[in-house]
Amino acid sequence: MSHPSIAEVNAAFAARLRAGETLLGAIVALPCAEVAELFSRAGFDWLLIDTEHAPLDALVAQGLLQAARCPCLVRVHAGEEAVIKKALDIGAAGVVVPQVNSAADAERIVGYCKYPPRGSRGVGIVRAQGYGLDFQEYVAGANDNVIVMLQIEHIDAVNNIESIVRVPGVDALMIGPYDLSGSMGLLGQVNHPEVEQAIETVRRACAAAGMKLAIFAATAEGMKPYIRKGYTLPIAGMDLMLLSAAARGMVQALK
């Protein structure tokens, strides 16, 4: 039985995301293929492979992509051309790029994600194209089907949000409440009224522009209010936190 190509998986995921389906994600930070495999089998629609904060290099990230049975976005550590190219070449369905604070930043990153003539992405024989077996299929659809998600996690980005949401080629935004709070002089105070107001400013701008929106919450109860507000890309939980919570719950129940 043949398996769908990465191009086919990416196209299906992009169509669901742009249709506004609520697609449940989770963060994978452990360099363990079994975690990606287990999370995808548990029913998450997509996974965020975190190479920004977690100690994951490109080879480890590729192993996680190979193990997962659902589409994965790779969160890169910087909005740099070589970094983004590598994440896409290893077969990610798209990238999540941190600290995007202006429309100019967004336009530059979109260019890095697109093959010429729409951008400057380099071409190589890589996993994304089935190591050459699916080359034409992949490059024909990549510019339309690779997801570009940008993190809004600084007050400057909030102040520029009206222009950011209108940059062509941006598929979704992800709010980073903790870094946002830090940029406002309120580090860690994600429930502070000023931080909540900044998040709401982003949400409203995205709703008005039809931009899809993601946000992280550690628990199901913490996520439900965001889903009710129209966040279609909820990121519910992280492998480290879920493992820790389960372990502590077991200990507390038995000691």
Side-chain angles (χ1 to χ4, degrees), residues 1-19 21 23-29 31-52 54 56-77 81-97 109-150 169-172 174 212 214 233 235:
M1 183 178 68
S2 63
H3 296 282
S5 67
I6 288 174
E8 291 171 327
V9 171
N10 289 0
F13 181 66
R16 295 180 68 193
L17 183 151
R18 292 171 183 151
E21 287 189 42
L23 301 173
L24 184 62
I27 296 176
V28 174
C32 178
E34 288 82 0
V35 170
E37 184 179 26
L38 177 61
F39 273 34
S40 55
R41 291 200 64 183
F44 286 103
D45 296 299
W46 63 286
L47 301 176
L48 188 158
I49 307 300
D50 188 10
T51 69
E52 181 191 12
L56 306 181
D57 61 20
L59 185 59
V60 172
Q62 178 172 279
L64 296 172
L65 294 172
Q66 290 169 318
R69 302 187 184 186
C70 64
C72 299
L73 303 184
V74 170
R75 177 157 67 179
V76 296
H77 69 266
E81 185 168 17
V83 173
I84 289 170
K85 176 172 61 178
K86 181 74 71 176
L88 296 178
D89 283 353
I90 63 175
V95 289
V96 181
V97 182
I109 289 161
V110 169
Y112 294 160
C113 294
K114 308 296 183 184
Y115 287 126
R118 289 172 60 182
S120 60
R121 180 181 173 187
V123 181
I125 303 303
V126 291
R127 178 177 181 265
Q129 308 143 0
Y131 309 103
L133 297 176
D134 308 314
F135 182 86
Q136 292 298 335
E137 178 190 19
Y138 181 84
V139 298
N143 281 355
D144 293 324
N145 297 327
V146 165
I147 296 301
V148 180
M149 183 184 293
L150 309 179
V170 176
D171 297 291
M174 175 182 170
K212 305 303 182 283
L233 296 165
I235 304 170

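Predicted, not measured: the structure shown is a model, and the values here were computed from it.
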Kindly indicate, with the supporting measurements, whether the criterion side-chain contact (heavy atoms from CB on, under 4.5 Å) is fulfilled by Gln129 and Val139.
CA-CA 8 Å; Gln129 308 143 0; Val139 298; 4.3 Å; yes
Does any part of the side chain of Val146, heavy atoms only, come nearer than 4.5 Å to the side chain of Tyr138, both counted from C-beta?
yes
For side-chain contact (heavy atoms from CB on, under 4.5 Å), just list the numbers for Arg121 and Asp89, CA-CA rounded to whole Å, side-chain angles, deciding distance to a tenth of an Å, and then say yes or no.
CA-CA 10 Å; Arg121 180 181 173 187; Asp89 283 353; 3.1 Å; yes
Just how far is it from atom NZ of Lys114 to atom CG of Leu88, taken to the nearest 0.5 Å?
9.5 Å
Could you report the tightest heavy-atom contact between Cys70 and Trp46, atom names first, then the distance?
SG-CA, 3.9 Å
Atom pair CG (Leu65) and SG (Cys72), whose distance is rounded to the nearest 0.5 Å
5.0 Å
Asp171 side chain to Met149 backbone, donor-acceptor under 3.5 Å:
no
Can you check whether Phe13 reaches Leu73 side chain to side chain, under 4.5 Å on heavy atoms?
yes
Quick check: are there more than 12 heavy atoms from other residues, nucleotides or ligands sitting under 6.0 Å from CZ of Arg41?
no
How long is the gap from CG on Leu233 to CG on Leu17, to the nearest 0.5 Å?
4.5 Å
Considering all heavy atoms of both residues, which atom of Cys113 and which atom of Val95 are nearest to each other, and what is their separation?
SG-CG2, 3.7 Å
Please give me the minimum heavy-atom distance between Ala87 and Val76, naming the atom from each residue.
CB-CG1, 3.8 Å
Evaluate the criterion side-chain contact (heavy atoms from CB on, under 4.5 Å) for residue pair Ile147 and Arg18; output intermediate values, then yes/no.
CA-CA 10 Å; Ile147 296 301; Arg18 292 171 183 151; 4.2 Å; yes
Strictly distance-based, threshold 3.5 Å: is any side-chain N or O of Arg127 a donor or acceptor partner for the main-chain N or O of Ile90?
yes
Within this structure, what is the NZ-CG distance for the pair Lys86 and Leu59, rounded to the nearest 0.5 Å?
10.0 Å
Contact summary for Ala92 and Val74, nearest pair of heavy atoms
CB-CG2, 3.7 Å
Has Ser40 got a side-chain atom pairing as donor or acceptor with Ala68's backbone, closer than 3.5 angstrom?
no
Residues Pro71 and Ala93: closest non-hydrogen pair is CB-CB, 4.1 Å
Are the side chain of Asp45 and the backbone N or O of Leu24 linked by a donor-acceptor pair below 3.5 Å?
yes
Note, Ser120 side chain near Tyr112 side chain (heavy atom, < 4.5 Å):
yes
Please report the shortest heavy-atom distance between Ala67 and Ala36, naming the atom on each side.
CB-CB, 4.5 Å
Here the gap from Leu150 atom CG to Met174 atom CE, rounded to the nearest 0.5 Å, amounts to 11.5 Å
Partner residues of Glu8 under the salt bridge (Lys or Arg N to Asp or Glu O under 4.0 Å) criterion, sequence neighbours left out
none
Are Asp144 and Arg118 within salt-bridge range, i.e. N to O under 4.0 Å?
yes
State, yes or no, whether a side-chain contact exists between Ile6 and Asp134 at a heavy-atom distance under 4.5 Å.
no
Within a strict 4.5 Å, meaning less than it, do heavy atoms of the Leu64 and Leu56 side chains meet?
yes
